[in-house]
Amino acid sequence: MHELSLAGAIVDTVERHADGRLVEVVNLRIGRLRQVVPDSLEFYFDFVARDTVCDGARLAIEIVAGQLECASCGTCFALDGPSFRCPGCGSGEVAVIAGNEFEVESLELGETEIDEEAACIART
Amino acid sequence: MHRTHVKVLEDVLDANGTLARANRADFDRHGVTVVNLMSAPGAGKTTLLERSLRDLDGVRVGVLEGDVQTALDAERIALLDVPVTLINTDPSFGGECHLDANMVRSALPEVPLDELDLLLIENVGNLVCPAEFAVGEDFRVMVSSVTEGEDKPIKYPLMFRTCDLVIVNKIDLLPHLDFKLDRFMRNLDAVHDHVPRLLLSAKTGEGVEEWRRWLVEAATRQPQPV
């Protein structure tokens with residue numbers, strides 16, 4: 001249920017970049033290694049977005065597959081199943097190259113500026 | 001309708017990371033080593049602390065207790081005569097399932113950092129969420145009890161990959177369970193090869209001395225750069 005906190009953190013991040021303009025789409029990249037449930041995130045996002053620049057915005061979520069690199073033999077491989085071991089040499093010394101992402105990639109803004117005064121009243 | 005595209009490329013948890021670094025800087029300035037103790041609910045974190053914090057070889061230890069509700073755990077720790085600070089995560093909607101850097105930061109004025117060498121942060125019992133939120137710790141330790149089954153490392157890889165030490169608790173129950181220790185270790189190695197591990201029973205005290213030595217060593221270690 002940390003998706004509630006994460007949704008709040010998304011809104012905070014977006015607010016720093018939206019310049020007071022209403023956001024229509026938030027493009028998110030979430031790595032498979034993060035234990036984030038997209039449905040749950042969307043549910044909470046709709047809730048915490050109310051009366052912010054994200055009010056009514058849609059989350060467009062790109063899931064990034066897990067990609068690992070073996071520190072011993074250099075093999076790059078996709079994370080497939082529960083094991084992080086290198087399929088080439090069996091080593092467990094692996095680095096995560098992709099799959100840990102959790103970032104706001106970009107925003108699609110409309111042309112409407114948020115009514116700050118109304119939003120302020122709604123928040124209090 | 002015309003839309004404007006704005007590149008952001010910002011980690012959603014940047015703000016938490018910044019606060020965690022600020023906490024860490026405060027801890028370092030006071031020479032306090034911080035251990036973030038995580039587990040599923042009921043794995044035995046509080047019992048382990050009760051067993052291990054007395055007479056810790058001169059190390060001055062304090063505890064920060066995170067719980068959704070109640071002061072029950074904090075009251076148990078207070079009986080040990082160690083300074084304990086409680087964070088109830090309940091005031092937010094539904095009660096947060098983890099501690100984050102900001103919650104820890106808000107509690108810091110209550111923590112006597114000047115009088116401590118070691119601070120144990122007992123996180124909210126949960127195998128998913130706490131792993132996502134750094135709080136400014138030097139070490140992450142997780143407690144996994146044998147009653148939880150052998151499959152937990154592969155079901156919750158983020159938690160098991162993120163920790164510096166895994167404590168396998170309740171080993172006194174092994175004769176009564178189907179839990180296969182070697183299978184658990186294989187699963188642990190599959191997600192976090194060679195992570196240090198300690199087998200113990202907080203109830204009987206078996207293996208606890210080794211954990212106490214780990215704590216003393218952690219408390220006297222020089223801070224590592226973040």
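Remember, predicted model here, so these are calculated numbers, not experimental data. Numbered from 1 within each chain, the chains take letters A, B, ... in sequence-line order.
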Student: Classify the ring geometry between B/F179 and B/F184 as parallel (under 30°), tilted (30 to 60°) or perpendicular (over 60°).
Tutor: tilted
Student: What are the two closest non-hydrogen atoms of A/V96 and B/R161, and how far apart are they?
Tutor: CG2-NH2, 3.8 Å
Student: If we ignore hydrogens and angles and just use 3.5 Å, is the side chain of B/N23 paired with the main-chain N or O of B/A101 as donor and acceptor?
Tutor: yes
Student: Chain B heavy atoms under 4.5 Å from A/L107: which part of the residue, side chain, backbone, both or neither?
Tutor: both
Student: Quick check on the interface: out of B/V8, B/D193, B/N16, who has the most heavy-atom pairs with chain A under 4.5 Å?
Tutor: B/V8
Student: Below 4.5 Å from any heavy atom of chain B, which atoms of A/R29 appear? Answer side chain, backbone, both or neither.
Tutor: neither
Student: Examine distances only and state if a side-chain atom of A/T52 and a backbone atom of A/A49 form a donor-acceptor pair shorter than 3.5 Å.
Tutor: yes
Student: Select one option (side chain, backbone, both, neither) describing which atoms of A/V25 are under 4.5 Å from chain B's heavy atoms.
Tutor: side chain
Student: Which residue, A/E103, A/E108, A/E105, forms the salt bridge (Lys or Arg N to Asp or Glu O under 4.0 Å) with B/K7?
Tutor: A/E105
Student: Examine whether an atom of B/H192 lies under 4.5 Å from a heavy atom of chain A, and if so say whether it belongs to the side chain, the backbone or both; otherwise answer neither.
Tutor: neither
Student: B/T47 side chain to B/G44 main-chain N or O, any donor-acceptor pair under 3.5 Å?
Tutor: no
Student: Would you mind checking which part of A/D12 comes under 4.5 Å of any heavy atom in chain B, side chain (CB onward), backbone (N, CA, C, O), both or neither?
Tutor: neither
Student: Taking all non-hydrogen atoms of both residues into account, name the closest pair between A/E24 and A/G110 and its distance.
Tutor: OE2-CA, 3.5 Å
Student: Quick one: which residues of residues 140-156 of chain B reach chain A at under 4.5 angstrom, heavy atoms only?
Tutor: B/I154, B/K155, B/Y156
Student: Hey, is the main chain of B/C129 close enough, under 3.5 Å, to the side chain of B/N126 for a donor-acceptor pair?
Tutor: yes
Student: Answer with side chain, backbone, both or neither: which region of A/L6 has an atom nearer than 4.5 Å to a non-hydrogen atom of chain B?
Tutor: both
Student: Would you check if the side chain of B/T33 reaches a backbone N or O of B/A218 as a donor-acceptor pair within less than 3.5 Å?
Tutor: yes
